[in-house]
Protein chains: 2
Amino acid sequence: MPNNQFKKGELYSFITGKASTAIARRLQKNFKQAGLDITIEQWSVLYHLWKEDGLSQQQLCDATFRDKPSITRLVDNLEKLKLVKRVPSKDDRRSNLIFLTKEAEQLQEQTMELANQTLNEALAGVTNGQVEIAKEVLQMVYDNLK
Amino acid sequence: MPNNQFKKGELYSFITGKASTAIARRLQKNFKQAGLDITIEQWSVLYHLWKEDGLSQQQLCDATFRDKPSITRLVDNLEKLKLVKRVPSKDDRRSNLIFLTKEAEQLQEQTMELANQTLNEALAGVTNGQVEIAKEVLQMVYDNLK
DNA sequence: GGCATATAGTTGTTTATGCAACTAAACAAA
DNA sequence: TTTGTTTAGTTGCATAAACAACTATATGCC
């Protein structure tokens with residue numbers, strides 16, 4: 001009976017996502033300890049630019065699951081930090097392409113290493129099989145609501 | 001090899017918790033459609049007070065996994081909405097006990113119903129067994145980082 | 001070409017988070 | 001009792017999110 005998948009008492013923590021909050025906080029803390037002054041939200045934008053530089057703001061919206069105002073301001077702050085640069089697109093004058101600076105390129109290795117470390121701390125004692133299932137469930141939830 | 005549990009490309013979405021963001025947004029939307037003008041963060045505080053009324057702010061911090069300033073302000077806003085009331089503790093004059101108003105008590109049934117509906121939408125097609133494992137993993141992550 | 005509509009991005013407002021610094025009360029030790 | 005430390009809560013500041021309203025450019029249709 002699908003309505004009983006969750007007992008009420010369990011429902012809440014699933015919704016609020018304490019686990020991902022905890023991972024995010026830990027990663028932020030690990031960045032700070034390493035002397036890196038970027039937020040995980042800024043990092044999440046850089047992450048996609050490391051995969052493909054020169055994305056438009058709209059593409060960053062889709063990639064990071066954020067709305068346009070959020071990306072506008074994240075890019076504003078990343079520009080202040082001199083980690084990215086807005087370049088007007090020649091094909092479409094409405095559109096900005098976002099490019100990494102050299103400074104940002106140099107952050108990739110160190111921050112990815114910290115992110116991997118953080119995940120390993122988080123997943124200590126969890127088997128690969130369990131992780132696979134958890135990822136499948138989270139993906140299905142995301143697809144169901146998208 | 002625990003370091004390889006995550007390929008880099010998958011790591012990111014696990015960290016940012018798109019799924020819980022998506023659930024939260026959907027629940028917020030469902031509240032709004034039902035004419036309920038509360039945020040899911042406010043709701044998450046009420047949730048714990050429905051389970052046990054008269055918690056202190058510190059107890060709400062622990063229950064909701066938030067810091068003290070966050071709870072101070074959530075209680076501020078809930079008081080403005082006349083959904084809770086701060087009552088100074090007689091045992092400990094540093095401490096406030098937070099009590100639900102009648103208005104807030106009346107919200108319980110409807111919002112819990114909406115939350116259950118939202119979860120059912122989110123978990124369509126996911127088996128109970130998969131959900132159980134996902135919850136275990138999330139709990140372990142939380143415990144590892146706590 | 002000219003007009004309606006869709007798309008890319010920005011700005012304003014409200015709410016929330018994290019951190020640091022602070023006040024006041026409680027507690028513990030001398 | 002006094003002094004130092006912990007605990008409960010508040011305030012200030014910076015960053016971020018959601019939503020609505022806006023500008024400017026592109027596109028589709030007549």
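To find a chain, count down the sequence lines: A is the first, B the second, and so on, and within it residues start at 1.
The residue Ser56(B) sits close only to the backbone: its heavy atoms come under 4.0 Å of sugar-phosphate atoms, none of a base. Counting non-hydrogen atoms under 4.0 angstrom, Asp67(A) reaches a base of the nucleic acid. Residue Lys29(B) is out of contact with every strand shown, counting any heavy-atom pair closer than 4.0 Å. Residue contacts shown for Asp76(A) are absent, as no nucleic acid heavy atom lies under 4.0 Å away.
A salt bridge links Arg86(B) with Asp76(B): the closest approach of a Lys/Arg side-chain nitrogen to an acidic carboxylate oxygen falls below 4.0 angstrom. Looking at Lys146(B) and Asp143(B), a side-chain N of the basic residue comes within less than 4.0 Å of a carboxylate O on the acidic one, giving a salt bridge.
Taking the nucleotide of DNA chain C with the nearest heavy atom to each of Arg25(A) and Cys61(A), the more 5' of the two is matched to Cys61(A). Looking at which nucleotide of DNA chain D each of Asn77(A) and Asp91(A) is closest to, the 5′-most match is held by Asn77(A). Residue-to-nucleotide proximity on DNA chain C shows that, of Lys32(A) and Lys90(B), the 5′-proximal contact is made by Lys32(A). In this structure, Arg93(A) and Ile71(A) both approach DNA chain D, and ranking their closest nucleotides by distance from the 5' end singles out Ile71(A).
Proximity of Ser95(B) to the phosphate of dA8(D): no side-chain N or O atom is located under 4.0 Å from OP1 or OP2. Under 4.0 angstrom from either OP1 or OP2 of dT10(C) there lies at least one side-chain N or O belonging to Arg86(A). Considering only side-chain N and O atoms, Thr39(A) lies under 4.0 angstrom from the phosphate OP1 or OP2 of dA16(D). Side-chain nitrogen and oxygen atoms of Arg66(A) include at least one within less than 4.0 Å of the OP1 or OP2 phosphate oxygen of dA17(D). For dA17(D), the OP1/OP2 oxygens have no side-chain nitrogen or oxygen of Lys68(A) closer than 4.0 Å. Gln28(B) has no side-chain polar atom (N or O) that falls below the 4.0 Å cut-off from OP1 or OP2 of dC19(D). Between Gln57(B) and dT10(D) there is a side-chain polar atom (N or O) within less than 4.0 angstrom of OP1 or OP2.
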Problem set entry | Glu79(B) and Lys85(B): CA distance, side-chain angles, deciding distance, salt bridge (charged side-chain N to carboxylate O under 4.0 Å, His left out) verdict | CA-CA 6 Å; Glu79(B) 259 192 334; Lys85(B) 219 183 149 186; over 6 Å; no
For this session: Please test Leu114(A) against Phe31(A) for side-chain contact (heavy atoms from CB on, under 4.5 Å), starting from the C-alpha separation and ending with a verdict.
Result: CA-CA 7 Å; Leu114(A) 288 169; Phe31(A) 278 177; 3.7 Å; yes
Problem set entry | Residues Lys102(B), Glu105(B); criterion salt bridge (charged side-chain N to carboxylate O under 4.0 Å, His left out); working and verdict | CA-CA 5 Å; Lys102(B) 281 185 189 168; Glu105(B) 277 163 18; over 6 Å; no
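In this structure, of dC19(D), dA20(C), dT15(D), it is dT15(D) that holds the atom nearest to the side chain of Gln42(A). In this structure, the nucleotide among dT15(C), dT17(C), dA8(D) sitting nearest to the side chain of Gln58(B) is dA8(D). Set against dG18(C), dT11(D), dA17(D), the side chain of Thr21(A) has dG18(C) as its closest nucleotide. Closest to the Asp92(B) side chain, of the nucleotides dG18(C), dT15(C), dA26(C), is dA26(C). The side chain of Leu74(B) lies closest to dA16(C) when the candidates are dC19(D), dA16(C), dA20(C). In this structure, the nucleotide among dT11(C), dG18(C), dG9(C) sitting nearest to the side chain of Pro69(A) is dT11(C). Minimum atom distance to the side chain of Arg94(A) is reached by dA8(C), of the listed dA8(C), dG9(C), dT10(D).
Between the CG atom of Asp37(B) and the P atom of dC19(D) there is a distance of 12 Å, given to the nearest Å. Taking atom CD of residue Glu41(A) and atom C1' of nucleotide dA16(C), one finds them 12 Å apart after rounding to whole Å. Distance Leu60(B) CG to dT7(D) P: 19 Å, rounded to the nearest Å. Residue Leu55(A) contributes atom CG, which lies 11 Å from atom P of dG9(C) at whole-angstrom precision. In this structure, Phe31(B) atom CZ and dT15(C) atom C1' are separated by 16 Å, rounded to whole Å. Between the P atom of dT7(D) and the CG atom of Leu97(B) lies a distance of 19 Å, rounded to the nearest Å. Between the C1' atom of dA24(D) and the CG atom of Asn96(A) lies a distance of 12 Å, rounded to the nearest Å. In this entry the distance linking CD of Gln33(B) with C1' of dC19(D) reads 15 Å, nearest Å.
In this structure, CG on Leu83(B) lies 12.5 Å from CD1 on Ile98(B), to the nearest 0.5 angstrom. The OG1 atom of Thr101(B) sits 8.5 Å away from the CD atom of Gln106(B) when rounded to the nearest 0.5 Å.
Side chain Arg73(A) to base dG12(C): a donor-acceptor pair is found below 3.5 Å.
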